[in-house]
**Q** 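Here it is, the structure, as structure tokens.
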Protein chains: 2
Amino acid sequence: MDTHPASSADGARVVRRAVSLLREVSAARGNGATLKVLADSAGLPQPTAHRLLKVLQDEGLLERDAASRAYRLGSLLYEFGLAAVPRVDARRLCAGTLERITRAVGDTTYLNSRSGNDALCLDRREGSFEIHALPIEIGNRRPLGVGAGALAVLASLPSAEADAVIEANAKRYRRHGLTAERIRIYVEAARARGFAITSGRIVARYRGVAIAVGNGIGGVPASLSVVAVAERLDPRRIEQVARILIREEKSLREMLSIAPDSHNESPVP
Amino acid sequence: MDTHPASSADGARVVRRAVSLLREVSAARGNGATLKVLADSAGLPQPTAHRLLKVLQDEGLLERDAASRAYRLGSLLYEFGLAAVPRVDARRLCAGTLERITRAVGDTTYLNSRSGNDALCLDRREGSFEIHALPIEIGNRRPLGVGAGALAVLASLPSAEADAVIEANAKRYRRHGLTAERIRIYVEAARARGFAITSGRIVARYRGVAIAVGNGIGGVPASLSVVAVAERLDPRRIEQVARILIREEKSLREMLSIAPDSHNESPVP
DNA sequence: CCTGGAATTCCACAATGTGAAATTCAATGT
DNA sequence: ACATTGAATTTCACATTGTGGAATTCCAGG
């Protein structure tokens with residue numbers, strides 16, 4: 001009946017489903033995600049999810065906590081990650097920038113990038129001030145738009161694309177007490193302001209300031225952000241932090257436009 | 001016909017196949033592997049492999065070099081890798097050891113671990129002497145037994161298990177100009193000697209010395225190895241290097257037995 | 001222009017994966 | 001101790017999904 005299934009949907013449903021489970025597991029914070037949660041966040045019937053998760057576990061892509069029954073990413077994925085050196089290494093390119101921002105503001109700093117409809121935490125520097133209950137770990141994902149860093153990335157996308165992302169993430173926003181509508185408003189605000197801030201209601205008690213990186217790092221949209229307990233980020237301080245971010249983003253952007261991609265094979269004899 | 005195919009082979013063939021393709025891609029050196037190669041090293045008919053690879057690429061687990069048509073690990077795997085922090089981080093635990101060995105010998109040093117039937121290069125320190133045509137990169141895999149580091153790991157396994165691995169890898173050894181029989185001899189030699197050395201014929205021009213780490217790191221068999229151009233490793237020098245490795249392995253082993261696993265969640269309020 | 005090896009597409013067929021329903025298990029409240 | 005509830009797991013009859021041999025296209029080298 002419906003002629004247009006989706007995109008290149010040839011013989012591969014299971015694989016797609018399996019990968020989407022991996023994504024869900026990877027999106028789960030802290031101690032992993034339970035079958036139930038994974039099943040319906042991936043939109044799969046429970047038994048199906050169960051079967052697939054079992055295989056993934058058996059293959060080493062996932063591990064399972066004996067006590068909580070929760071799934072987490074497995075060691076094989078870690079190993080693949082070692083081998084999958086990105087053509088342009090955002091982490092390394094931004095290391096200095098992150099360092100400098102952290103020293104300047106004293107709070108925790110993040111490097112985020114876009115991955116599909118998610119924002120991904122690529123790197124982080126802990127500020128001296130931070131209460132050590134850091135909300136976001138390296139490798140964590142959340143829907144684009146949720147949190148300052150993720151919001152800056154979303155706002156940096158071309159309108160049409162941003163809309164598509166928001167559309168696709170609509171359901172997921174609920175879980176964070178948000179709606180697509182609200183996100184659209186935030187995006188507008190961030191665009192108008194030139195940088196993104198969060199109310200401190202998304203991740204309770206915390207507030208963030210973030211700026212998008214030029215037009216991305218190696219073509220991938222990205223952002224730099226600073227997060228602190230809400231009290232530490234009153235309007236005055238937000239301005240200060242924003243100024244620092246703007247400055248650092250500018251010099252990073254210049255650096256990126258000069259830096260040749262981080263070739264591994266240098267043609268030098 | 002045969003009633004029970006293999007192990008827990010419930011509804012999952014495709015996923016298993018897909019994963020084994022990922023493994024093959026990850027095993028491929030340098031600039032990736034071509035469809036043909038992947039298809040038959042994974043034991044799949046070409047069209048099937050093609051179809052699966054296409055999906056994996058589409059999902060971001062693989063990338064494809066436009067020119068050479070070769071597949072390589074994709075950015076999503078890198079991202080998963082960031083999130084998949086291992087419960088006990090061998091790389092970090094051995095950083096000091098590796099550093100010290102490299103300073104002491106001046107040649108390139110490797111940390112290897114077992115991953116299934118493969119040896120995996122977990123980390124590496126470049127020695128001052130090294131001609132910069134390093135054969136093995138972080139994340140690379142080769143069959144257990146091929147190369148000094150991989151041989152030490154293999155030799156450290158219980159006999160029965162080592163035999164099983166050798167058996168399973170038999171076909172793959174061919175590609176390195178080796179045979180299961182020869183590997184068995186090497187393993188015996190390594191066990192007798194207490195450390196592993198390679199003839200310099202496996203990776204031409206290079207020779208290696210390696211020692212297994214106690215009974216592994218966090219339960220995973222591992223080894224420390226030193227690789228240099230063959231001329232630099234005459235018998236006398238091999239002895240010197242071995243002595244250093246033995247010493248460092250011992251202190252590493254002691255350190256590991258004290259060090260609590262790197263818990264992330266401390267139960268402190 | 002041909003030729004051989006690789007990549008890609010086709011498509012008839014059935015094995016593989018599916019998911020509703022039933023069952024077991026574990027935690028929690030009474 | 002005994003229900004009660006919600007999650008995890010197993011089962012199984014069914015058809016959708018994935019299969020792979022064969023045919024086709026695409027290139028690179030001669």
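Values reported hereafter were calculated over all heavy atoms of this structure, with side chains retained and with hydrogens, waters and symmetry mates removed. Every chain is numbered from 1, with letters handed out A, B, ... down the list of sequences.
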**Q** Please check if the side chain of A:Arg124 supplies one atom and the backbone of A:Ile136 the other of a donor-acceptor pair under 3.5 Å.
**A**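 Side chain of A:Arg124 to backbone of A:Ile136, a donor-acceptor pair under 3.5 Å: yes, one is there.
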**Q** Please give, in whole Å, the distance from C:dT18 P to A:Leu44 CG?
**A**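 About 9 Å, once rounded to whole Å.
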**Q** Below the 4.0 Å mark, does C:dT18 have OP1 or OP2 next to a side-chain nitrogen or oxygen of A:Arg51?
**A**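 Result: yes.
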**Q** Over how many whole Å does the gap from B:Leu52 atom CG to D:dG18 atom C1' extend?
**A**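 Checked: the CG to C1' distance equals 9 Å.
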**Q** Consider the side chain of B:Pro47, meaning its heavy atoms from C-beta on, and name the nucleotide among C:dG19, D:dA8, D:dG21 that approaches it most closely.
**A**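 The answer is D:dG21.
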**Q** Should A:Arg87 and B:Asp65 be marked as a salt bridge (charged side-chain N to carboxylate O under 4.0 Å, His left out) after you check the CA-CA gap, both sets of side-chain angles, and the distance that decides it?
**A** CA-CA 11 Å; A:Arg87 57 276 81 112; B:Asp65 185 70; over 6 Å; no
**Q** Under 4.0 Å between a side-chain N or O of B:Thr48 and OP1 or OP2 of D:dT19?
**A**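 No, outside the criterion.
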**Q** Counting only side-chain N and O atoms of A:Lys54, is one of them less than 4.0 Å from OP1 or OP2 of D:dT9?
**A**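 The answer is no; no side-chain N or O of A:Lys54 sits under 4.0 Å from OP1 or OP2.
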**Q** Within a reach of under 6.0 Å around CZ of B:Arg114, are more than 12 heavy atoms found that belong to other residues, nucleotides or ligands?
**A**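 Yes, because the 6.0 Å sphere around CZ of B:Arg114 holds more than 12 heavy atoms from other groups.
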**Q** Name the closest nucleotide to the B:Arg13 side chain, picking from D:dA7, C:dG19, D:dG20.
**A**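 So the side chain of B:Arg13 is nearest to D:dG20.
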**Q** Any salt bridge linking B:Asp40 with B:Lys171? Criterion: basic side-chain nitrogen under 4.0 Å from a carboxylate oxygen.
**A**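 Here B:Asp40 does not pair with B:Lys171 in a salt bridge, since their nearest N and O are not under 4.0 Å apart.
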**Q** With the side chain of B:Arg17 defined as its heavy atoms from C-beta on, choose the nearest nucleotide among D:dT19, C:dT8, C:dG17.
**A**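 Among D:dT19, C:dT8, C:dG17, the one nearest the side chain of B:Arg17 is D:dT19.
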**Q** Classify the nucleic acid contact of A:Pro45 as base, sugar-phosphate or nothing, counting any heavy atom under 4.0 Å across all strands shown.
**A**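 Sugar-phosphate, backbone atoms only, no base.
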**Q** State which of D:dT9, D:dT19, C:dA7 makes the closest approach to the side chain of B:Thr34.
**A**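 Looking only at heavy atoms from C-beta outward on B:Thr34, the closest nucleotide is C:dA7.
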**Q** Distance check needed: C:dT8 C1' versus B:Lys36 NZ, whole Å only.
**A**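 Those two atoms, NZ and C1', are 15 Å apart.
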**Q** A:Asp40 CG to D:dA8 P: how many Å, rounded?
**A**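 Spelled out: CG on A:Asp40 to P on D:dA8 is 10 Å.
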**Q** Between P on C:dG17 and CZ on A:Arg16, what's the gap in Å once rounded to a whole number?
**A**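 The distance from CZ of A:Arg16 to P of C:dG17 comes to 16 Å, rounded to the nearest Å.
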**Q** Could you check how far CG of A:Leu35 sits from P of C:dT24, rounded to whole Å?
**A**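 Whole-Å distance recorded here is 19 Å.
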**Q** Are B:Arg141 and B:Glu24 close enough for a salt bridge, meaning some N to O gap below 4.0 Å?
**A**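 No, no charged N to carboxylate O under 4.0 Å.
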**Q** A:His50 side chain: which of C:dT8, D:dG20, D:dT10 is closest?
**A**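 Nearest listed nucleotide: D:dT10.
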**Q** Measure the distance from CG on A:Leu53 to P on C:dT18 and round it to the nearest whole Å.
**A**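 About 12 Å, once rounded to whole Å.
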**Q** Measure the distance from CG on A:Leu56 to C1' on C:dG17 and round it to the nearest whole Å.
**A**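 Taking atom C1' of C:dG17 as the reference, CG of A:Leu56 is at 14 Å.
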